[in-house]
Amino acid sequence: MPEGHSLHRLARQVQDVFGGQALRASSPQGRFADGAALLDGQVLERAWAHGKHFFADFSGGLTLNVHLGLYGAFSFGGDESFAAASSIGAPRRIGERELPSAVDDDGPSPSAAVPPPPAATVRLRLVSAHGWADLIGASTCRVLTPAEVLQVTAKLGPDPLNDDDPAPFLLRAGKTRRPIGVVLMDQAMVGGIGNIYRAESLFRAGVDPWRPAKDLGEEGLRALYEDNRRLLRAGVRLGRIVTTRQEHRPGVTAEQAWPEHANYVYQRQGQPCLVCGEDEIVAEDMASRRLYRCMVCQT
DNA sequence: GTTCGATGAAGAT
DNA sequence: TCTTCCTCGAACA
């Protein structure tokens with residue numbers, strides 16, 4: 001489920017279980033054989049994320065860069081010390097929908113430090129003394145020099161999860177008449193917001209997604225940026241996207257893992273709005289992406 | 001501005 | 001077997 005929170009969870013997980021260790025790298029599928037050979041045997045020094053990009057710096061001075069695209073996912077496995085190293089509960093999978101089964105206890109057996117034979121679709125396999133990670137379905141998987149890393153990150157807007165200065169976003173969004181719903185999805189404007197956070201943050205702000213971005217003013221844009229930071233942080237903490245305020249989740253505690261009403265408008269077209277109660281949540285297309293909004297609450 | 005591939009897997013038909 | 005999906009960049013008009 002690659003919006004920004006997933007990539008930051010992934011970076012945290014990789015740092016936890018592989019940081020400071022020498023890794024074997026291979027490409028069972030074959031399409032990343034050259035890149036894997038460049039990294040094989042090196043120490044993973046630091047894993048980090050910017051927007052929807054994942055990076056891992058290796059001791060030889062090169063950096064692994066992965067973009068999960070629409071379907072990419074990492075899966076993890078290992079022995080007890082590998083699981084214990086994880087601050088997010090050694091999920092079986094990061095990058096797609098993090099269903100409850102992803103953190104259930106059908107985990108590795110205590111002696112499972114030897115990885116199973118890889119699936120034919122595994123683009124990259126990383127193996128340490130205690131566990132492994134398999135990458136499938138990524139749209140980008142490459143090895144970059146430091147200069148190339150800078151080129152990639154320079155094209156991305158500030159990432160609310162990295163405490164970046166929001167000024168570049170405020171400046172650029174404050175000048176364009178492109179719809180705010182398009183601007184929030186533009187990774188050059190702000191990093192990490194995808195279709196769900198776009199729809200949900202605009203609902204929470206009561207903003208019509210079709211409004212020109214500049215019409216929101218600096219304060220409106222800043223509030224939207226800050227709310228996305230809050231929502232993304234909650235996503236990192238919970239491992240899923242929960243955007244409803246507690247008063248709109250009746251009978252549910254603040255941090256219950258799987259609340260019934262986790263979102264206000266995303267994929268709720270035709271259902272009653274959790275705030276106004278009207279059947280006015282609609283789905284339409286915006287720049288060839290699905291857009292969800294409440295026709296009553298967002299003006 | 002739009003359309004079209006391209007990465008896999010899961011769920012519906 | 002078909003459709004869908006939390007994506008992006010290239011190729012178009």
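In what follows, every chain begins at residue 1, and chains take the letters A, B, ... in the order their sequences are listed.
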* ILVMFWY cluster, V182(A) and Y197(A) together (side-chain gap under 4.5 Å) -> no
* **side chain to side chain donor-acceptor pair (under 3.5 Å) pairs, two or more places apart, involving residues 184-196 of chain A** => R178(A)-D186(A), N195(A)-R198(A)
* Asked: Got more than 12 heavy atoms from elsewhere within 6.0 Å of CG, D279(A)?
  -> yes
* For R125(A), all residues meeting side chain to side chain donor-acceptor pair (under 3.5 Å), sequence neighbours excluded -> D134(A)
Please state how far atom [atom1] in [X] lies from atom [atom2] in [N], giving the value in whole angstrom units.
{"X": "Q187(A)", "N": "dT7(C)", "atom1": "CD", "atom2": "P", "value": "8 Å"}
{"X": "L7(A)", "N": "dT7(C)", "atom1": "CG", "atom2": "P", "value": "11 Å"}
{"X": "N263(A)", "N": "dC6(C)", "atom1": "CG", "atom2": "C1'", "value": "10 Å"}
{"X": "K155(A)", "N": "dC8(C)", "atom1": "NZ", "atom2": "P", "value": "14 Å"}
{"X": "Q267(A)", "N": "dC5(C)", "atom1": "CD", "atom2": "C1'", "value": "8 Å"}
{"X": "M185(A)", "N": "dT2(B)", "atom1": "CE", "atom2": "P", "value": "13 Å"}
{"X": "L70(A)", "N": "dG8(B)", "atom1": "CG", "atom2": "P", "value": "12 Å"}
{"X": "H5(A)", "N": "dT7(C)", "atom1": "NE2", "atom2": "P", "value": "11 Å"}

Could you tell me whether the phosphate oxygens of [N], OP1 or OP2, come under 4.0 Å of any side-chain nitrogen or oxygen in [X]?
{"X": "K52(A)", "N": "dC6(C)", "value": "no"}
{"X": "T121(A)", "N": "dA9(B)", "value": "yes"}
{"X": "Y71(A)", "N": "dT7(C)", "value": "no"}
{"X": "H67(A)", "N": "dT7(C)", "value": "no"}

* Asked: Mind checking whether F203(A) and Y264(A) have parallel, tilted or perpendicular rings, split at 30° and 60°?
  -> parallel
* Measure up the F76(A) and F82(A) rings against each other and bin them: parallel (under 30°), tilted (30 to 60°), perpendicular (over 60°). => tilted
* Which part of the nucleic acid, if any, lies within reach of E200(A) when heavy atoms closer than 4.0 Å are counted: base, sugar-phosphate only, or nothing? -> nothing
* At under 4.0 Å between heavy atoms, what does R31(A) touch on the DNA or RNA strands: base, sugar-phosphate, or nothing? -> sugar-phosphate
Taking the [atom1] atom in each of [N] and [M], what is the distance between them to the nearest angstrom?
{"N": "dC5(C)", "M": "dT13(B)", "atom1": "P", "value": "13 Å"}
{"N": "dC6(C)", "M": "dG1(B)", "atom1": "C1'", "value": "24 Å"}
{"N": "dG5(B)", "M": "dA13(C)", "atom1": "P", "value": "14 Å"}

* Asked: Near DNA chain B, under 4.0 Å by heavy atom, which residues of residues 286-295 of chain A?
  -> A287(A), S288(A)
* **Nearest-neighbour nucleotide for the R178(A) side chain, dC6(C), dG1(B), dT7(B) considered** => dG1(B)
* Asked: Under 3.5 Å, side chain of E148(A) to main-chain N/O of T145(A), donor-acceptor pair present?
  -> yes
* **S86(A)/Q13(A) under side chain to side chain donor-acceptor pair (under 3.5 Å): CA gap, chis, key distance, verdict** => CA-CA 6 Å; S86(A) 169; Q13(A) 169 77 349; 2.6 Å; yes
